[in-house]
Amino acid sequence: MNLFRAFQDDVVAIVEKLVKSGSLPEGLDTSRITVEPPRDATHGDISTNAAMLLAKPAGMKPRDVAEMIAPEIAALKGVAKVDVAGPGFINAGLTDEYWHDRLVYVLKAGTAYGASEIGGGEKINVEYVSANPTGPLHVAHARGAVIGDALVNLLRKAGFDVTSEYYINDAGNQVDQLARSAHLRYREALGEVIGEIPEGVYPGDYMIPIGQELAETLGDSLKDAPEAEWIDIFRNIAIERLLVGIKEDLAALGIHQDVFTSERDLVQAGAVEHVEDLLQGRDLLYRGVLEPPKGKAAPEDYEPREQTLFRATDFGDDTDRPLKKSDGSWTYFSNDIANHLDKYERGFKKMIDIWGADHGGYVKRMQAAVRAVTDNEGELDVKLCQIVHLKKGGEPFRMSKRSGNFVTLRDLIEELGENGKDVVRFIMLTRKNDSQMDFDLEKAVEQSRDNPVFYVQYAHARCHSVLRNAAETLGADTLSADKLVKANLKHLDDAAEIEVIRTLAAWPKMVEAAAEAHEPHRVAFYLDDLASVFHGLWNKGKDDTRLRFIDENDEDVTRARLALVLGVATVIASGLEVIGVTPLEELR
RNA sequence: GCGCCCGUAGCUCAGUCGGAUAGAGCACCAGAUUCCUAAUCUGGGGGCCACAGGUUCAAAUCCUGUCGGGCGCACCA
């Protein structure tokens, strides 16, 4: 449960009560009332803006409204004191007992703690990676993969019914070039000297084994055959093999998407004609000529051509967009509309796509198309990922083992050693998705405060280290959550201890806010905060022995503190679960 | 020329559907450590939140314009 939401309900109830008693006028809008933690901790534990919001419509001064509400809040369970401050904030401090109850709640819930119902079981589709099946994944894909996957977990925790999806771009020119590349490697495997690989054809070494396989299974029958005879076969096999590799690359990052949708299958099933019919039926298509882009030099081969255009401007786009090329064939755009319409027809009103920033110019038209084709029922959010600059010790990092001239995802993970997956996942979430970032391979494996992966992992391991130590004298079987939940938590009375619980108690709100904003990076920042307050408490114990977790002379106090330690470990594990990082119990 | 994203401490970045005196880490300065893991800790200095208007009880946050940086700009995918 999100405690702020609970208090928010209480405040709204108080306002309604005051309306009923005639102290406040009727017809007030309570929907914008919030209860939040004050930014400055000296203002208490919770704060509401209710008085400032209601003052104007009620025709009263904010402070007067506040003075009416404040005593009612003071009467709520768990509230220790209430102040009216500033322009009309009502601040409340909560009792230690209230916070102790929160800790009990954490221990009872385990890593499920933080789960929310705000999603209400609503279906939502998250499409990410969707790289062309023309080679192994590289670093540029890693960020979108991690953001997408963490977002999926986050939305699930927030109560949505999430489907994770990969759209396979297996139609069009690129995969034809792939087929040609496979044919070239096939000829090479049959002993031919292929020389320089032509422009546009994929040159990577990863095509060599596919060529060899084709040579073994097909013999030399298609060696000199015209393209039309082999291109379908070569394309299908190459795509299939590369897709297996891509899935392995994703698995190395701990990613297993639910649905892989083939563009080619959709096209063959007539999904694009379906789009055309739908748009036609809504009178959103016409034959027209697109102007060349103004200002900048027009493309050299520009000539006015008539084609089928979609009225994207009716839905907020800057210009109408072609559904068909001038030769009458479908554009990539039209296929992608079919993809999104297909999702909608599978029951997803909410859709999220994770794209690279270089596709930013494509967002408006896709959103316009989704609205058009779903009669404004469907809703597409697009998260753009800015590029990642790989560094090593501050210097740009390049290497090329498996393929042409880019760093593959596998290379990256392997370069980072045993915890490569966890390091990549965490670091990728240490920036907002739309900020550029540097990924320094040296810093990412450093064991220091500078490295958030380590800092958070270490906090978790440190918790378990304490529990292991305590187990030696108290017995491991007495330190489980269901035993520690019965500890006498009254002993947790130091401000630093309460501060830790307060941070634990913020986790459910964090999950909800991050899920609503579609921003998984907030989880990584929260975990860094939590680790920080926990390490802080630990360090206090260094100066003040009375605050150490284990007091050999007082088992009662020790158990209370171990309950807190277990609570911290639980919430860190819960958060790491969301971002897909393994909570290590030992770092040695 | 148009569209989108970004502009917050010396550096890298957070900043909750608008909330109180704008935060963190690094770097810098001054101290601490026979102690459950020193795999450090405490304190301090440092800001016209790019700029100018507007909306609001309240703006880093929303709107308009300007400047600076990135990305994208017929039928490619």
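In what follows, chains are A, B, ... by sequence order, proteins preceding strands, each numbered from 1.
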Legend entry - nucleotides 13-26 of chain B: protein proximity per nucleotide (B base, S sugar-phosphate only, - neither; heavy atom, under 4.0 Å): SSSB--BB----SS
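Looking at A:Arg143, its side chain never comes within 3.5 Å of a backbone N or O of A:Cys385 through a donor-acceptor pair.
Ring-plane geometry between A:Phe315 and A:Phe310 is classed as parallel, the angle between the planes falling under 30 degrees on a 0 to 90 degree scale with a further cut at 60.
Applying the 5.5 angstrom centroid cut-off and the 30 degree plane-angle cut-off, the aromatic ring of A:Tyr458 is stacked upon the base of B:rA39.
Taking atom C1' in both B:rG15 and B:rC57, the straight-line distance is 22 Å, to the nearest Å. Comparing the C1' positions of B:rU21 and B:rA58 gives a spacing of 15 Å, expressed to the nearest Å. Comparing the C1' positions of B:rC5 and B:rA9 gives a spacing of 24 Å, expressed to the nearest Å. The same atom, P, is picked in B:rU61 and in B:rA52; the two are 12 Å apart, to the nearest Å.
In secondary-structure terms, RNA chain B builds stems of at least 3 consecutive Watson-Crick or G-U pairs, each pair having both distances under 3.5 Å, at B:1-7 with B:67-73, B:10-13 with B:23-26, B:28-32 with B:40-44, B:50-54 with B:62-66.
Taking the ring-ring contact (aromatic ring centres under 6.0 Å, His included) definition, one finds that A:Tyr166 meets it with A:Phe260, sequence neighbours left out. Partners of A:Ala569 by side-chain contact (heavy atoms from CB on, under 4.5 Å), not counting sequence neighbours, listed by chain and number: A:His460, A:Cys463, A:His464. Under the side-chain contact (heavy atoms from CB on, under 4.5 Å) criterion, A:Gln447 pairs with A:Phe454, not counting sequence neighbours. Under the rule for a side-chain hydrogen bond (donor to acceptor under 3.5 Å, both in side chains), the partners of A:Thr308 that lie at least two apart in sequence or sit in another chain are A:Arg287. Every residue meeting the side-chain contact (heavy atoms from CB on, under 4.5 Å) condition with A:Ser435, not counting sequence neighbours, appears here in chain and number order: A:Lys432. In this view, A:Lys350 and A:Glu122, A:Ile124, A:Phe160, A:Glu379 satisfy the side-chain contact (heavy atoms from CB on, under 4.5 Å) rule, not counting sequence neighbours.
Here side-chain hydrogen bond (donor to acceptor under 3.5 Å, both in side chains) pairs that include residues 357-367 of chain A, with residues two or more places apart or in two chains, are A:Asp318-A:Lys364.
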Short N/O separations, protein against nucleotides 43-45 of chain B, under 3.5 angstrom:
none

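The nearest whole Å value for the distance from the CD atom in A:Gln386 to the P atom in B:rG70 is 11 Å.
Sorted by residue number, the list of members of residues 60-69 of chain A with any non-hydrogen atom under 4.0 Å from RNA chain B is empty. The stretch residues 316-323 of chain A touches RNA chain B through A:Asp318, A:Pro322, each having a heavy atom within less than 4.0 Å of the strand.
Nearest nucleotide to the A:Leu290 side chain, out of B:rC36, B:rC75, B:rA74: B:rA74.
Looking at heavy-atom distances under 4.0 Å, A:Thr331 makes contact with sugar-phosphate atoms alone, never a base.
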